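To keep things clear, I will list the structure first and then write my remarks on it.
Everything numeric in this text was worked out from a predicted model, so none of it was measured.
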Amino acid sequence: MTAAENVCYTLINVPSDSEPPSEVSLKADLEKGEIKAKTEALKKVIIMILNGEKLPGLLMTIIRFVLPLQDHTIKKLLLVFWEIVPKTTPDGKLLQEMILVCDAYRKDLQHPNEFIRGSTLRFLCKLKEAELLEPLMPAIRACLEHRHSYVRRNAVLAIYTIYRNFENLIPDAPELIHDFLVNEKDASCKRNAFMMLIHADQDRALDYLSTCIDQVHTFGDILQLVIVELIYKVCHANPSERARFIRCIYNLLQSSSPAVKYEAAGTLVTLSSAPTAIKAAAQCYIDLIIKESDNNVKLIVLDRLIELKEHPTHERVLQDLVMDILRVLSTPDLEVRKKTLQLALDLVSSRNVEELVIVLKKEVIKTNNVTEHEDTDKYRQLLVRTLHSCSVRFPDMAANVIPVLMEFLSDTNEAAAADVLEFVREAIQRFDNLRPLIIEKMLEVFHAIKTVKIYRGALWILGEYCSTKEDIQSVMTEVRRSLGEIPIVENEIKKEAGELKPEEEVTAAPAQKLVTEMGTYVTQSALSSSRPSKKEEDRPPLRGFLMDGDFYVAASLATTLTKVALRYVAIVQDKKKQNSFVAEAMLIMATVLHLGKSSLPKKPITDDDVDRISLCLKVLSECSPLMNDIFNKECRRSLSHMLAVRLEEEKLSQRKESEKRNVTVQADDPISFMQLTAKNEMTSKEDQFQLSLLAAMGNTQRKEAADPLASKLNKVTQLTGFSDPVYAEAYVHVNQYDIVLDVLVVNQTSDTLQNCTLELATLGDLKLVEKPSPLTLAPHDFANIKANVKVASTENGIIFGNIVYDVSGAASDRNCVVLSDIHIDIMDYIQPASCTDAEFRQMWAEFEWENKVTVNTNITDLNEYLQHILKSTNMKCLTPEKALSGFCGFMAANLYARSIFGEDALANVSIEKPIHLGPEAPVNGHIRIRAKSQGMALSLGDKINLSQKKSVS
């Protein structure tokens with residue numbers, strides 16, 4: 001049995017580079033050294049024993065020369081030494097020397113120093129030998145009467161562990177501790193005594209609680225926590241007791257300790273589903289979130305609130321507390337705000353949506369022009385998205401929200417402005433009654449827009465939805481204002497040439513005279529250093545974008561002008577006005593084309609943009625009804641279709657969520673009786689304290705496959721051949737950040753194998769926790785060796801090594817069997833996740849590691865190949881189902897996943913079906929993977945390469 005399987009109480013960090021000392025030198029230090037030398041020698045002995053060394057010769061030396069010393073450090077080290085040293089002979093009998101040790105500890109239990117008494121009592125909790133404990137029982141009982149609380153509380157712990165392990169040594173322990181508890185005044189002693197009664201004699205614990213139930217709120221927080229645990233356990237086992245204790249839990253919600261309030265609220269929710277109880281617990285959680293400064297605590301408590309919301313009956317109660325939940329937004333942490341807004345959005349109803357919108361509008365205004373915190377921009381984005389969702393779900397609110405949000409189109413933060421623009425586009429399409437208001441606001445802020453992407457979107461909205469003569473003329477005025485004087489090229493050349501002359505428009509008369517009197521050279525330098533910055537400032541926004549070489553906005557402008565011109569022709573009957581408007585639109589497009597072809601902009605116009613503007617010029621010159629339909633009807637129909645599809649997807653996902661939450665009970669479902677239920681079948685009746693303890697220890701029970709034996713066999717790796725002298729195979733069990741290797745070693749020879757050692761090494765981000773201990777294998781015997789490996793990141797790891805052994809009676813060197821490698825599968829750490837298109841694009845641009853995998857498969861159907869990749873990589877497809885449906889010979893899809901270490905993995909699948917090669921031709925193309933770390937990108941690429949081909953069944 002390895003050290004990892006033994007019960008361990010004390011962990012000691014050991015520097016691995018130090019040389020192990022010899023037994024002789026240790027013996028000399030322990031016998032003749034000073035106190036300091038003895039201390040160091042004792043430390044080395046402890047470390048060597050922990051590493052599996054057997055040092056039987058030192059036991060008597062330590063008893064004779066170290067045990068009588070009164071130094072506190074040595075006494076503390078001796079407690080660790082006696083904990084780990086073997087106390088029995090190979091046949092299980094107690095060593096004779098331990099009687100001397102036992103006598104020494106009896107004296108320590110009567111020592112005048114309370115530290116020595118208390119630490120000795122703590123040590124006795126770890127002893128598992130009844131023969132050693134029996135002579136010490138009177139001294140342990142006497143410690144319950146000691147004047148110091150440190151001794152008394154450790155005496156209670158010692159009595160509890162001895163009673164639990166060896167009840168016969170102290171059969172009256174519950175009665176003894178109950179009497180002690182009644183008379184005790186110290187909070188920590190009472191807590192330990194009460195804890196013992198809970199586990200040893202619950203009835204006595206209840207009797208004590210009944211006598212002091214009205215004073216519970218005056219107790220210390222450590223005792224209150226234990227009382228909450230007792231009430232939970234009693235009511236969990238015996239629901240009829242709930243009425244007796246629920247008032248006590250209500251009182252503990254008012255405790256001054258945050259931990260007690262948290263536990264009491266959690267217990268109250270499990271004991272009662274009455275609306276008043278849920279409301280009290282939720283209110284307690286909200287207070288905790290607001291008052292606690294630690295963001296991790298805030299997130300944990302928020303998760304509890306979200307869990308409450310998942311229950312359909314609790315959700316109605318929480319809806320009344322939305323305004324209280326929004327108080328959490330005062331926290332500066334972005335993650336807390338994100339969860340809070342999502343929770344508020346899930347709980348919002350027609351009753352409180354108005355109040356919610358008012359609060360969010362105030363928050364949006366607060367973030368305006370505030371840049372002291374780096375997350376302000378992201379927070380503003382979150383608020384915009386939340387208001388967007390509110391307006392879509394409750395259309396009456398849109399009119400209140402839009403005027404506030406439109407101000408952000410002129411914001412320098414492009415992400416927030418883009419979200420506002422997306423919201424405005426959806427609102428103007430869905431709510432006809434709001435179109436005049438949106439158009440008016442859009443025209444107001446149009447000249448102040450600072451980023452080209454937002455400018456393009458605003459142009460598109462104005463071009464698509466301006467339908468009256470006045471609005472169309474306003475759009476043309478704004479475009480002319482934003483473009484400046486035309487023709488642009490001539491105007492810019494004039495300005496360039498004007499740099500060499502005095503500037504009549506800007507410079508005053510006296511300054512002009514001064515310039516003429518000075519030398520030409522000085523005039524040039526003075527003007528050239530000051531003028532360009534002035535010129536840059538005066539340049540209108542649209543002209544600025546064009547001079548920077550961004551002609552994509554010009555293509556958008558051409559489309560907008562074409563739409564409004566065609567609409568203007570349809571509305572206005574006067575031919576002269578029609579021709580004048582169309583001519584003005586064509587002049588603007590022509591001057592932009594001319595500018596693009598000139599050498600003035602930083603980058604020339606692209607061929608695509610030239611084609612687009614030329615097409616718009618041709619459409620305006622011909623004015624055919626077909627083109628009118630395409631520009632003014634088909635575009636809007638496409639947008640309407642896209643929004644409808646998106647809404648349908650949102651509804652579908654909401655329906656799936658609600659179906660998950662609804663617990664449907666069929667008429668023929670079996671009735672479950674608690675008394676007859678197996679432990680693994682208990683769903684809502686599971687002990688929450690036990691579950692949280694298991695989660696903390698990392699022992700959460702995973703749901704295995706339908707046949708657990710089959711799933712285990714899949715994870716068995718053969719390490720050596722059947723003809724090797726030692727056969728070995730390993731079962732690889734992955735539990736989050738730990739990997740446990742359970743290695744079966746079989747001696748296939750007729751010899752006894754001594755010091756049979758499993759030597760392991762790792763490649764990748766894996767770390768071996770401890771070295772497995774050597775074994776002795778009889779002929780044809782077998783044994784199991786366990787090894788623990790820690791995992792630090794998501795990448796393919798390899799564990800390799802060998803088995804070395806000595807053959808009993810042979811004079812040859814050590815024998816060695818090399819093991820085959822164990823590959824750790826990356827899929828154990830990757831989970832499907834979802835993100836928005838904007839987040840995907842942003843991560844795609846930021847991540848520096850890319851792995852391009854060529855498709856090499858025998859699958860002939862595009863959709864089938866995509867599903868196969870999704871299944872084998874654990875990734876989620878972000879591309880909507882509608883976009884992938886149908887058959888057109890090619891497919892592009894975005895995939896996303898996140899590891900349990902918080903690493904993101906992106907993939908883009910671009911595949912096609914070569915139709916010219918016949919219907920049986922396999923799919924070809926590429927998969928591009930991007931990740932922040934090289935290991936993640938390479939590992940995911942390897943996984944796809946290995947699993948591309950479908951196995952023929």
Show the nearest heavy-atom pair for residues [X] and [Y], with the distance to one decimal.
{"X": "L121", "Y": "A155", "value": "CD1-N, 3.7 Å"}
{"X": "C756", "Y": "I803", "value": "SG-CG2, 3.7 Å"}
{"X": "L895", "Y": "V909", "value": "CD1-CG2, 3.7 Å"}
{"X": "I830", "Y": "A897", "value": "CG2-CB, 3.6 Å"}
{"X": "M60", "Y": "L100", "value": "CE-CD1, 3.6 Å"}
{"X": "Q718", "Y": "S820", "value": "O-OG, 2.9 Å"}

Quick one: [atom1] on [X] to [atom2] on [Y], what's the gap to the nearest 0.5 Å?
{"X": "I35", "Y": "T73", "atom1": "CD1", "atom2": "OG1", "answer": "9.0 Å"}
{"X": "I63", "Y": "E97", "atom1": "CD1", "atom2": "CD", "answer": "5.5 Å"}
{"X": "L775", "Y": "Q754", "atom1": "CG", "atom2": "CD", "answer": "12.0 Å"}
{"X": "L42", "Y": "L78", "atom1": "CG", "atom2": "CG", "answer": "5.5 Å"}
{"X": "I929", "Y": "L940", "atom1": "CD1", "atom2": "CG", "answer": "4.5 Å"}
{"X": "M98", "Y": "L127", "atom1": "CE", "atom2": "CG", "answer": "7.5 Å"}

Go through the side-chain N and O atoms of [X] and [Y] and say whether any donor and acceptor fall under 3.5 Å apart.
{"X": "T749", "Y": "N747", "result": "yes"}
{"X": "N894", "Y": "N908", "result": "yes"}
{"X": "T757", "Y": "N755", "result": "no"}
{"X": "E729", "Y": "Y727", "result": "yes"}
{"X": "N784", "Y": "D742", "result": "yes"}

Indicate yes or no for a side-chain donor-acceptor contact from [X] to the backbone of [Y] under 3.5 Å, with no hydrogens or angles considered.
{"X": "R117", "Y": "L109", "answer": "yes"}
{"X": "K932", "Y": "W849", "answer": "no"}
{"X": "S899", "Y": "E903", "answer": "yes"}
{"X": "S872", "Y": "I869", "answer": "yes"}

Problem set entry | salt_bridge(K107, D103) N-O dist < 4.0 Å |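 Looking at K107 and D103, the cut-off is met.
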Exercise. Can we say K75 and D108 salt-bridge, meaning some charged N sits less than 4.0 Å from an Asp/Glu carboxylate O?
Worked result: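 Answer for the salt bridge query: yes.
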I'd like to know whether [atom1] of [X] has more than 12 heavy-atom contacts from other residues, nucleotides or ligands below 6.0 angstrom.
{"X": "Q831", "atom1": "CD", "result": "yes"}
{"X": "Q96", "atom1": "CD", "result": "no"}
{"X": "R64", "atom1": "CZ", "result": "no"}
{"X": "F782", "atom1": "CZ", "result": "no"}

For this session: If the plane angle is over 60° it's perpendicular, under 30° parallel, otherwise tilted; pick one for Y160 and H199.
Result: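 Rings of Y160 and H199: parallel, as their planes differ by under 30°.
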[X] vs [Y] side-chain heavy atoms within contact, under 4.5 Å:
{"X": "V923", "Y": "D861", "result": "no"}
{"X": "I785", "Y": "V745", "result": "yes"}
{"X": "K128", "Y": "N165", "result": "yes"}
{"X": "I822", "Y": "L719", "result": "yes"}
{"X": "L26", "Y": "V24", "result": "no"}
{"X": "Q748", "Y": "P725", "result": "no"}
{"X": "V80", "Y": "F123", "result": "no"}
{"X": "I159", "Y": "I162", "result": "no"}

Exercise. Where do N815 and D806 land on the side-chain contact (heavy atoms from CB on, under 4.5 Å) test, with the steps shown first?
Worked result: CA-CA 6 Å; N815 297 279; D806 294 324; 5.8 Å; no
For this session: Please report the C-alpha distance between R928 and W844 in whole Å, then the side-chain angles of each, then the deciding distance to 0.1 Å, and finally whether the side-chain contact (heavy atoms from CB on, under 4.5 Å) criterion is met.
Result: CA-CA 10 Å; R928 291 163 71 202; W844 189 264; 4.0 Å; yes
Exercise. Within 45° of the six-membered ring axis of Y896 and under 6.0 Å from that ring's centre, is NZ or CZ of R898 located there?
Worked result: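 So R898 doesn't make the cation-pi contact.
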Exercise. Please walk me through it: do L819 and L758 pass side-chain contact (heavy atoms from CB on, under 4.5 Å)?
Worked result: CA-CA 10 Å; L819 307 178; L758 177 68; 3.6 Å; yes
Exercise. Which is it for M936 and R930 under the side-chain contact (heavy atoms from CB on, under 4.5 Å) test, yes or no, and what are the steps along the way?
Worked result: CA-CA 9 Å; M936 183 86 157; R930 284 203 182 177; over 6 Å; no
